Amino acid sequence: MKCDFCHKNPAIYLLEIKDEKGIRKYSLCGECLHEYIGRLFQIAFSQDKEEKRCPNCGRTWKKIEETGMVGCYYCYSVFKDELGEIIKNYHGNKKHKGKIPKNVSKKEDILKYKIELSKAIEEENYEKAAKLRDFLNKFNERSG
Amino acid sequence: MREFYYKYLKWLGEDNLHKDIILSTRIRLARNVSEFPFPNQASEPQRKRFINKVEWVFENDSNFNKDYDFLRLEKLPRLVSEVLIEKHLISEDQFNNLPGTGLIVKKDGKLSIRLNEEDHFRLQVLSGGLEIDESWKMLQSLENHISEYFDFAFDNSMGYLTSCITNLGCGLRISFLVHLPALTYTGKIKNLFRRLRSSKVLIRGFYGENTEAVAGFYQIASKSSLGYSEEELLRKMKEIALKIVNEEIKARELLFEERRRWVEDIVGRAWGIINFAKYVESLEAISLLSDIRFGIFYKIINLPIKLLDLLLILTLPAHLQVKMGREMDPEERDRVRADLLHDVFKNYKID
């Protein structure tokens with residue numbers, strides 16, 4: 001099968017684009033995929049600040065400035081520097097102190113146990129390692 | 001449509017602390033899910049997918065469907081949506097918004113969840129008077145419940161991620177609707193508000209700009225929830241509420257000592273207009289009811305404060321129209337409002 005973009009090289013990647021128009025699938029060669037991803041990044045990290053756009057939801061910095069509204073969860077990473085200033089102006093130089101949602105604390109827990117597991121293996125404490133491994137397996141089953 | 005007239009107002013009758021000064025306490029949590037763009041950016045199909053998912057949970061989770069209503073705003077008559085705004089259950093923004101917004105509300109109106117408003121979820125608890133601890137417990141259990149089904153958008157340093165950066169942090173906002181006629185009449189309010197603003201509190205006239213001097217109703221709300229734990233913020237706002245209550249009580253007592261006749265005049269005039277006027281405009285009603293409320297504190301008028309607070313909502317324009325089951329022009333509304341006030345007040349006396 002040939003690449004859907006250049007119609008020359010053999011396709012080795014499958015690209016799925018999900019947006020308001022629905023799901024579109026393309027088979028691409030390595031070269032075209034890299035070019036496509038490169039373009040996305042160019043848009044996201046464009047020098048022209050106003051034209052900078054979130055690759056997930058499509059909101060531009062200009063729109064964020066106009067409406068005072070951020071577009072999605074990922075905008076907070078894409079516009080980290082720009083938003084950082086504004087957040088500091090409104091809230092002061094502060095960090096979150098309250099509750100952590102279950103979906104995040106669960107991930108953090110798993111990470112903590114994984115670190116302990118590798119430590120136990122390093123220390124050749126196999127009994128402890130086996131216990132931790134079993135625990136982690138159960139944890140993964142539960143969160144399925 | 002008429003059933004919406006009295007609906008969702010039962011919470012207003014609660015007997016919590018300092019009701020003569022704090023009409024209501026509202027606590028709300030803002031939450032978003034990471035898998036959908038925020039409502040203002042999401043396309044109509046995306047917003048509908050989100051609300052369908054919530055509706056599925058609502059239909060299938062036995063904790064919800066008994067005591068709650070699930071309302072899709074685009075399916076409601078315009079007047080009913082306006083009534084929900086007047087009951088503090090949806091915002092004007094949500095009313096003007098595109099399809100796919102909704103409301104889950106407990107039958108007594110106390111607990112509600114706005115869907116696809118500014119954020120995916122806005123959980124709120126309303127209480128009559130000053131009430132924080134119980135409300136917070138309710139809100140937490142509601143949030144825990146929702147988190148069984150949805151992963152919330154979160155960042156370790158910014159906290160819960162929201163459409164507007166002003167709501168970052170624990171996503172908690174505490175606000176009070178307060179009645180401060182003595183501080184307003186004596187002009188002491190300016191000084192109090194200057195001090196409050198420096199401790200990061202938002203203040204505005206409750207019935208829109210420039211109405212504060214008329215009625216003495218204000219909304220006091222926490223400004224930022226970033227850098228505070230939930231408990232810290234709740235404690236801070238409770239202290240502020242108590243400080244406001246103290247100052248208003250002091251001002252009321254002093255006013256009565258020094259200018260008793262003036263106070264009685266204010267209350268008596270309001271009483272006279274309510275009992276004899278044939279047309280009462282909406283803002284005028286708020287101002288009159290404010291003065292009557294002032295008189296209840298001094299026991300000049302013997303009327304239950306709960307009834308008065310109910311009237312403050314039941315005499316609003318959309319409520320009157322829903323009561324009559326049809327749209328009315330302003331003149332007719334003013335007439336119906338005057339009649340309603342007569343009917344209630346004829347059962348009470350002034351000393």
Side-chain angles (χ1 to χ4, degrees), chain A residues 17-23 53-112 142-144, chain B residues 29 31-49 93 118-120 136 139-140 143-172 200 223-234:
Chain A
I17 302 175
K18 267 195 232 172
D19 58 17
E20 59 268 38
K21 290 179 215 146
I23 302 174
R53 185 185 287 271
C54 169
N56 180 55
C57 74
R59 180 152 284 207
T60 57
W61 176 247
K62 199 176 167 191
K63 184 96 187 269
I64 293 180
E65 268 191 319
E66 267 170 26
T67 58
M69 297 284 179
V70 178
C72 72
Y73 171 64
Y74 298 95
C75 285
Y76 276 101
S77 323
V78 177
F79 302 107
K80 197 173 174 123
D81 296 338
E82 293 88 341
L83 287 169
E85 265 313 292
I86 302 178
I87 293 169
K88 212 166 124 186
N89 280 342
Y90 185 85
H91 294 280
N93 207 353
K94 295 226 172 109
K95 269 190 96 170
H96 178 61
K97 210 172 156 187
K99 198 175 164 180
I100 295 169
K102 266 189 219 154
N103 47 306
V104 175
S105 56
K106 205 156 64 183
K107 278 183 203 147
E108 282 184 354
D109 282 350
I110 292 177
L111 196 65
K112 209 168 69 192
R142 265 213 315 267
S143 48
Chain B
L29 269 179
R31 292 288 184 265
N32 286 283
V33 297
S34 32
E35 61 177 298
F36 293 101
F38 298 153
N40 71 89
Q41 176 69 23
S43 61
E44 192 176 321
Q46 282 171 326
R47 277 202 306 273
K48 288 197 166 151
R49 263 210 317 278
D93 288 346
E118 193 181 298
D119 294 304
H120 289 132
W136 175 231
L139 210 54
Q140 268 179 307
E143 192 227 9
N144 276 335
H145 218 74
I146 294 172
S147 72
E148 301 282 326
Y149 300 94
F150 295 92
D151 283 352
F152 294 137
F154 180 82
D155 173 271
N156 277 327
S157 60
M158 290 181 279
Y160 288 89
L161 302 178
T162 47
S163 279
C164 183
I165 63 110
T166 54
N167 295 313
L168 290 170
C170 49
L172 184 65
K200 293 212 166 182
K223 188 178 171 207
S224 162
S225 77
L226 183 59
Y228 298 95
S229 72
E230 289 81 358
E231 285 70 22
E232 280 172 349
L233 197 60
L234 292 163

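This one's a predicted model, so the numbers in the text were calculated from it and none came from an experiment. Labels below follow one simple rule: chain letters A, B, ... track the order of the sequence lines, proteins then strands, and each chain is numbered from 1.
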Side chains of [X] and [Y], heavy atoms from C-beta outward: is any pair under 4.5 Å?
X	Y	answer
A/V70	B/L161	no
A/R59	B/N40	yes
B/N32	A/Y73	no
A/M69	B/C164	yes

Inset, instruction - Would you kindly check if the NZ (Lys) or CZ (Arg) of B/K223 is within the cone defined by 45 degrees around the ring axis of A/Y90 and under 6.0 Å from the six-membered ring centre? - result: yes
Inset, instruction - Could you list the residues that satisfy ring pair (Phe, Tyr, Trp, His ring centres under 6.0 Å) with A/Y76, not counting sequence neighbours? - result: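 Not a single residue meets the ring pair (Phe, Tyr, Trp, His ring centres under 6.0 Å) criterion with A/Y76.
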Legend entry - Side chain, backbone, both or neither of A/I64 within contact of chain B (heavy atoms, under 4.5 Å): neither
Inset, instruction - Could you have a look at A/C57, A/G68, A/G92, A/P101 and say which one has the most heavy-atom pairs with chain B under 4.5 angstrom? - result: A/P101
Inset, instruction - With sequence neighbours excluded, tell me which residues meet side-chain contact (heavy atoms from CB on, under 4.5 Å) with A/K99. - result: B/E143, B/N144, B/Y160, B/E230
Inset, instruction - Look at B/P37, B/A153, B/G159, B/S163 and state which one has the largest set of heavy-atom pairs under 4.5 Å with chain A. - result: B/S163
Inset, instruction - Just give me the residue among B/G169, B/S225, B/S224 that pairs up with chain A most often, heavy atom to heavy atom, under 4.5 Å. - result: B/S224
Inset, instruction - Output the distance between atom CD1 (A/I86) and atom OG1 (B/T166), rounded to the nearest 0.5 Å. - result: 11.5 Å
Legend entry - Value rounded to 0.5 Å, distance of NZ in A/K97 from OG in B/S157: 15.0 Å
Inset, instruction - Give the minimum heavy-atom separation between A/K102 and B/S147, together with the two atoms involved. - result: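 For A/K102 versus B/S147, the nearest heavy atoms are NZ-OG, 3.5 Å.
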Legend entry - Heavy-atom contact with chain A under 4.5 Å, split by part of B/E232: side chain
Inset, instruction - Without swapping roles, check the side chain of A/H91 against the backbone of B/M158 for a donor-acceptor pair under 3.5 Å. - result: no
Legend entry - NZ/A/K95: more than 12 non-hydrogen atoms of other groups inside 6.0 Å: no
